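A quick write-up on the structure given underneath.
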There are 2 protein chains.
Amino acid sequence: MAKKNRKTCDVPDATIHRLPLYLEKLKMLQAIGVEDVSSRQLAESLDIKASQLRHDFHYFGGFSRPGRPYQVTKLVPALEKIIGISVPQPTAIIGAGHLGQALANYQNLDLQGFPVKGIFDTNPKLIGLEMRGQPVQDMDDLEAVIQREGIKIAILTVPATQAQVVADRLVAAGVIGIFNFAPTDLKVPEGVAVRNERLAVGIMSLSFKVKCILQAQEGEDAQAEEL
Amino acid sequence: MAKKNRKTCDVPDATIHRLPLYLEKLKMLQAIGVEDVSSRQLAESLDIKASQLRHDFHYFGGFSRPGRPYQVTKLVPALEKIIGISVPQPTAIIGAGHLGQALANYQNLDLQGFPVKGIFDTNPKLIGLEMRGQPVQDMDDLEAVIQREGIKIAILTVPATQAQVVADRLVAAGVIGIFNFAPTDLKVPEGVAVRNERLAVGIMSLSFKVKCILQAQEGEDAQAEEL
DNA sequence: GCTGTATGGTTAATTAAATAACAGCGTGGC
DNA sequence: GCCACGCTGTTATTTAATTAACCATACAGC
């Protein structure tokens, strides 16, 4: 049994990152009443190859059988189970600065299976403020709330200087997944997953491509003048 | 010449995404007065292989020569030039909701070469509010500001329903790089770069790993009981 | 009932990325 | 002067991811 579990977890990162996209698109289809969808239809709407989609699904044994398209109403819960959000996954936000507030107010978090069960900060001016119906709490209560609510996933939006200290406390309190928005690499023990979300990487890689586009246009202009 | 430019742009995405990490770490080294750094040192601090780092640098012709380590003071501006931030890259934020506010107040944007030269929204309650020294402007002024400031990169933090309409306006006004935070795929003409930043993908892939860790622990516990 | 067409599962082939290996250079010690 | 060591640039190898090809099944039309 454990062997089977390990098998469904030995999946490439690239595939894992596509699962939320599949789920999102399928939920849309479900919302507009679509019952069946073929791998080709779903893949085309996501701008990927159908064979890749089927290959991804194959890691989990497949969700249909030859000759039959996928049934949206069965695929959605199947993916939710694989992703781990069949039951809501209580989440905490650490750091109620602008970014923390933005995430706390991002209602899709709740809708997508990650209800925010605690918002924390050290700033006395923020503590007590209500965000989405719940008050910002003092960091002193961090461990108590995490354990009471059974929180396994935390969103870290504190300054880089404090990120490691807070992460250590989170891990000690039982958190095993940290969504890190601080521009720092966290050191965590084995058995804890970290995902770093770096704004700088995103905008800089975009800048690189913009620079390339501009250079290409200049190149074309120069070429045009030469003629 | 155009050929050389094209060459420096024909680089794998995986490499492009590492350039900001290199730059960030090098700036840290520069700040504490480090002059030289070897590929091994730099790679180890980023938890990657030295051969990968040299391989990445090789796409751009290399930044040193055999026998000599990299000079931090030369590498930093070289990477900045490659990324396209030798001169500040004026940027606009479209959508002054919570996320837009968070990004507008994220001072690192300025420091890292992306000064915010315009913040826009349609909500009359937000227009005029000051954020980081500049007022939220009416969307009606979007095109004028983009052209006056020469903005090529825009950060899109509007609701998904409006994302495409706004993107079309941005492109028409001359923007060629869109950092899209709306959970929608944008259709843009060739010669425009889009980077989608999806919160949902990040937290769901984290959830997947958390689920796997929990299952592995249960497996171990079960195994322990069997003994 | 049969056939043509479309479907997903599965395996093979291709492509891309990460890693290792090597060649040539520079420096410091003796 | 020369040798040992460490360094980068470059190429080769290995590994991973993507794409294509194929097979067996299901269904619609006749």
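Quick caveat, the model's predicted, so the values are computed rather than measured. Keep in mind that the numbers below use all heavy atoms, side chains included, and drop hydrogens, waters and symmetry copies. Per chain, numbering begins at 1; letters A, B, ... match sequence-line order.
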Short of 4.0 Å, heavy atom to strand atom, which residues of residues 20-34 of chain B count as contacting DNA chain D?
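Residues of residues 20-34 of chain B that come under 4.0 Å of DNA chain D do not exist, since none gets that close.
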
Please list, by residue number, the residues of residues 44-52 of chain A whose heavy atoms come closer than 4.0 Å to an atom of DNA chain D; answer none if no residue qualifies.
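Contacts with DNA chain D under 4.0 Å: A/Lys49, A/Ser51, A/Gln52.
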
Walk me through it: do A/Val72 and A/Glu35 pass the test side chain to side chain contact (heavy atoms under 4.5 Å, CB included)?
CA-CA 5 Å; A/Val72 176; A/Glu35 293 184 357; 5.9 Å; no

With a 4.0 Å limit, can you tell me whether B/Ser39 has a side-chain N or O closer than that to the phosphate oxygens OP1/OP2 of D/dT8?
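Looking at the OP1 and OP2 atoms of D/dT8, one of them is under 4.0 Å from a side-chain N or O of B/Ser39.
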
Check whether any side-chain N or O of B/His58 sits under 4.0 Å from OP1 or OP2 of D/dT10, and answer yes or no.
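So the side chain of B/His58 is within the cut-off, an N or O lying under 4.0 Å from OP1 or OP2 of D/dT10.
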
Partners of [X] by salt bridge (Lys or Arg N to Asp or Glu O under 4.0 Å), sequence neighbours excluded?
X: A/Lys209; answer: B/Asp13
X: B/Asp185; answer: B/Arg198
X: A/Arg169; answer: A/Glu143

Keeping the roles fixed (side chain from B/Asn180, backbone from B/Thr184), state whether a donor-acceptor pair exists under 3.5 Å.
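Between the backbone of B/Thr184 and the side chain of B/Asn180 there is a qualifying donor-acceptor contact (under 3.5 Å).
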
With sequence neighbours excluded, residues passing side-chain contact (heavy atoms from CB on, under 4.5 Å) with A/Pro12:
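In terms of side-chain contact (heavy atoms from CB on, under 4.5 Å), with neighbours along the sequence ignored, A/Pro12 is linked to A/Thr15, A/Tyr59.
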
When all nucleic acid strands are considered with a 4.0 Å heavy-atom cut-off, which category describes A/Arg65: base, sugar-phosphate, or nothing?
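A/Arg65: backbone/sugar contact only, no base atoms under 4.0 Å.
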
Using a 4.0 Å heavy-atom cut-off across all strands, classify A/Phe57 as base, sugar-phosphate, or nothing.
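Result for A/Phe57 = nothing.
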
Could you name each residue pair satisfying side-chain hydrogen bond (donor to acceptor under 3.5 Å, both in side chains) that touches residues 60-89 of chain A, not counting sequence neighbours?
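Checked against side-chain hydrogen bond (donor to acceptor under 3.5 Å, both in side chains) - neighbours excluded - no pair reaches residues 60-89 of chain A.
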
Pairs flagged by side-chain hydrogen bond (donor to acceptor under 3.5 Å, both in side chains) wherever residues 155-165 of chain A is involved - sequence neighbours left out
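Applying side-chain hydrogen bond (donor to acceptor under 3.5 Å, both in side chains) to every pair that reaches into residues 155-165 of chain A, excluding sequence neighbours, yields A/Gln164-A/Asp168.
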
Please tabulate, one pair per line, all N/O donor-acceptor pairs under 3.5 Å involving side-chain atoms of residues 48-55 of chain B, not counting sequence neighbours.
unit_1  : atom_1 : unit_2  : atom_2 : d
B/Arg54 : NH1    : B/Ser39 : OG     : 3.1

Closer to the 5' end of DNA chain D via nearest nucleotide, is it B/Gly61 or B/Gln41?
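Looking at DNA chain D, the more 5' nearest nucleotide goes with B/Gln41.
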
Which value, rounded to the nearest 0.5 Å, describes the distance between A/Phe208 atom CZ and B/Ile83 atom CD1?
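Here the interatomic distance stands at 9.0 Å.
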
Going 5' to 3' on DNA chain C, which nucleotide is the first and which the last to come under 4.0 Å of a heavy atom in chain B?
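Result: C/dA17 to C/dT27.
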
Does a sphere of radius 6.0 Å around CZ in A/Arg40 hold more than 12 heavy atoms from other residues, nucleotides or ligands, not counting ones at 6.0 Å or beyond?
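At most 12 heavy atoms, drawn from other residues, nucleotides or ligands, come within 6.0 Å of this atom.
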
More than 12 heavy atoms from other groups under 6.0 Å of NZ on A/Lys27
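Yes.
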
Side-chain donor-acceptor contacts of residues 186-193 of chain A below 3.5 Å, not counting sequence neighbours, with atom names and distances?
none

When you compare the protein's N or O atoms with those of nucleotides 1-6 of chain D, which come within less than 3.5 Å of each other, and at what distance?
none

Where the side chain of B/His55 is concerned, which of D/dA21, D/dT11, D/dT8 is the nearest nucleotide?
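Within the option list, the nearest is D/dT11.
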
